[in-house]
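Written below as structure tokens is the structure these notes are about.
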Amino acid sequence: MSAPRFASSAERDEHYMGLALAEAARAVGRTSPNPMVGCVIVRDGEVVGRGHHERAGSAHAEVAALREAGDRARGAELFVNLEPCSHHGRTPPCAEAVVKAGLRRVVAGMIDPDPRVSGRGMRRLVEAGIETRTGVLEDACRELNKAFITHVTRQRPYVTLKLAASLDGRIATRTGDSKWITGPESRQRVHVLRDEVDAIVVGSGTLRADNPRLTTRLEGAERPGRSPHRYVLDPTLRLDPALLVFDTRTAPVTVLHGPGVSDERAAALRARGVELIESSTDADGRISPRSLLEAVRAHEQLHLLVEGGGEFAASFLEAGCVDRLLLFLAPVVIGGRDAVPVVGGAGAALVAEATRGAVRAVERTGEDVLMDIRLQPAPSHEPAPTP
């Protein structure tokens, strides 16, 4: 097979970086607390090695690709979506492995935001006489690892809020009926999303009303689905321990509760394998979203999916900790002043105070439309960085 032809060296670098990104994406939802990294090694226009980081503790992408390339790596080029690490973690530093392999050139999509690396890996390569380039397809590289970047720079998980509503912004009729507003394709898309995140949380109202499992059920998928770690906010520990969500055989479950709860109810949950974390509550007896984010971070999970009703969604939006909004809109008009809105809470007093975002993508899911929106929380909502 002849080597591909390119109009410029920049186009060539972008092509092979695209292959590295595709490798990295093979492990979406599987690498926390590490980033998703893919690598390809090219010699004389031929890809002689490929690899990706499969999970924390496994070989890094560069090492996997070097193993496949073998002796053909000497004098070759390496393309990786994230700067090779330069520190000892669960595995040895990749930069040293690259130097030892004798590569002549390394192209990295972006510099690692982790302060333990942050340019040190590339500097080590330069010191070894290796030609380097960074910033190739950087926007795509940052998008792929947005959860890792948030984890490192904001000391909290990346938060995706999933909402599904009628065209007039309702999630239930005036009688409370809500099944089904969106179609089966949208519901299956949510299961794909659950497979890609580390953790999921819904409000206690949804659990009482619908008794969901919150597991991942994929149909015809190329890889087995994985159910995320499930979190429940239950300040007074009143939820029935027999609810389906508390079945820990599929995935772990953590309940955040307030002080002074029933020892009997706590014992029943622990008997099912549920982890309990006592948290402070506000004047209204609620557990703050920030307490949940601290628990998720403590479990070294990078990406949290928020599902649930309008009041629960409002609590996360009002806390300013939602990064991404996935809004499924169904071609249905429910109507009625007493129908349930997609977002509750007090709401903004002025339009100028409303939460705003930018639409990144719009796609069809069956008869519905899915909008991918990135929100920009006010700087005052962000917690102060911790050491």
Point-to-point distance, once rounded to the nearest 0.5 Å, from [atom1] of [X] to [atom2] of [Y]:
| X | Y | atom1 | atom2 | value |
| --- | --- | --- | --- | --- |
| L317 | L375 | CG | CG | 6.5 Å |
| M371 | L163 | CE | CG | 12.0 Å |
| L256 | L233 | CG | CG | 6.0 Å |
| H151 | S32 | NE2 | OG | 8.0 Å |
| R272 | L243 | CZ | CG | 8.0 Å |
| R170 | I181 | CZ | CD1 | 10.5 Å |

On a heavy-atom basis, which atom in [X] and which in [Y] lie closest, and how many Å separate them?
| X | Y | value |
| --- | --- | --- |
| P235 | G285 | CB-O, 3.2 Å |
| G309 | T206 | N-OG1, 3.5 Å |
| A164 | I171 | O-CG2, 3.2 Å |
| A56 | N34 | CA-ND2, 3.5 Å |
| V117 | P84 | CG1-O, 3.9 Å |
| G29 | D198 | O-OD1, 3.9 Å |

Report yes if the side chains of [X] and [Y] come closer than 4.5 Å at any heavy-atom pair, otherwise no.
| X | Y | answer |
| --- | --- | --- |
| H52 | M36 | no |
| V340 | I334 | no |
| D282 | S288 | no |
| V232 | L207 | yes |
| R104 | E131 | yes |
| F316 | L161 | no |
| L276 | H257 | yes |
| Q188 | P184 | no |

Run the salt-bridge test on [X] and [Y] with the 4.0 Å N-O cut-off and return the result as yes or no.
| X | Y | result |
| --- | --- | --- |
| D195 | R30 | yes |
| D240 | R238 | no |
| R194 | E307 | yes |
| D323 | K146 | no |
| E96 | R124 | yes |
| R189 | E363 | yes |
| E23 | R26 | yes |
| R360 | E143 | yes |

Check: [X] side chain, [Y] main-chain N or O, donor-acceptor pair, under 3.5 Å:
| X | Y | result |
| --- | --- | --- |
| E68 | R50 | yes |
| R230 | V245 | yes |
| R105 | T132 | no |
| E83 | G121 | yes |
| R156 | R297 | no |
| H53 | R55 | yes |
| D13 | S8 | no |
| R226 | T216 | no |
| D112 | D114 | yes |
| R43 | R72 | yes |

[X] side chain to [Y] side chain, donor-acceptor N/O pair below 3.5 angstrom:
| X | Y | value |
| --- | --- | --- |
| T175 | D177 | no |
| D368 | S186 | yes |
| S291 | S279 | yes |
| R120 | S118 | no |
| H229 | T254 | yes |

If you count heavy atoms of other groups shown closer than 6.0 angstrom to [atom1] of [X], is the number above 12?
| X | atom1 | result |
| --- | --- | --- |
| E11 | CD | yes |
| R213 | CZ | no |
| R174 | CZ | no |

- Message: Once you measure the plane-to-plane angle for F79 and Y16, does it fall in the parallel (<30°), tilted (30-60°) or perpendicular (>60°) bin?
- Response: tilted
- Task: Look at the rings of H299 and Y231 and say which category their plane angle falls in: under 30° parallel, 30 to 60° tilted, over 60° perpendicular.
- Result: perpendicular
- CA sep, side-chain torsions, deciding dist, call: D372, R374, salt bridge (Lys or Arg N to Asp or Glu O under 4.0 Å): CA-CA 7 Å; D372 186 341; R374 305 306 163 89; 3.0 Å; yes
- Message: V351 vs R356, test: side-chain contact (heavy atoms from CB on, under 4.5 Å). Steps then yes/no.
- Response: CA-CA 10 Å; V351 173; R356 294 184 179 273; 3.4 Å; yes
In terms of hydrophobic clustering (I, L, V, M, F, W, Y; side-chain heavy atoms under 4.5 Å; direct or indirect links), are [X] and [Y] co-clustered?
| X | Y | result |
| --- | --- | --- |
| V152 | L302 | yes |
| V274 | I287 | no |
| L329 | L325 | yes |
| V28 | M17 | yes |
| F312 | L239 | no |

- Message: Could you go through C321 and L293, starting from their C-alpha distance and side-chain angles, then the distance that decides it, and tell me whether this counts as side-chain contact (heavy atoms from CB on, under 4.5 Å)?
- Response: CA-CA 9 Å; C321 58; L293 299 189; 3.8 Å; yes
- Evaluate side-chain contact (heavy atoms from CB on, under 4.5 Å) for V197 paired with L304, printing each intermediate quantity in order. CA-CA 6 Å; V197 302; L304 172 68; over 6 Å; no
- Message: What verdict does the side-chain contact (heavy atoms from CB on, under 4.5 Å) test give for L193 and L326, after you've listed the backbone C-alpha separation in whole Å, the side-chain angles of each residue and the deciding distance to 0.1 Å?
- Response: CA-CA 10 Å; L193 179 61; L326 290 180; 3.5 Å; yes
- Task: Only one of L78, L103, V106 passes side-chain contact (heavy atoms from CB on, under 4.5 Å) with L125; say which it is.
- Result: V106
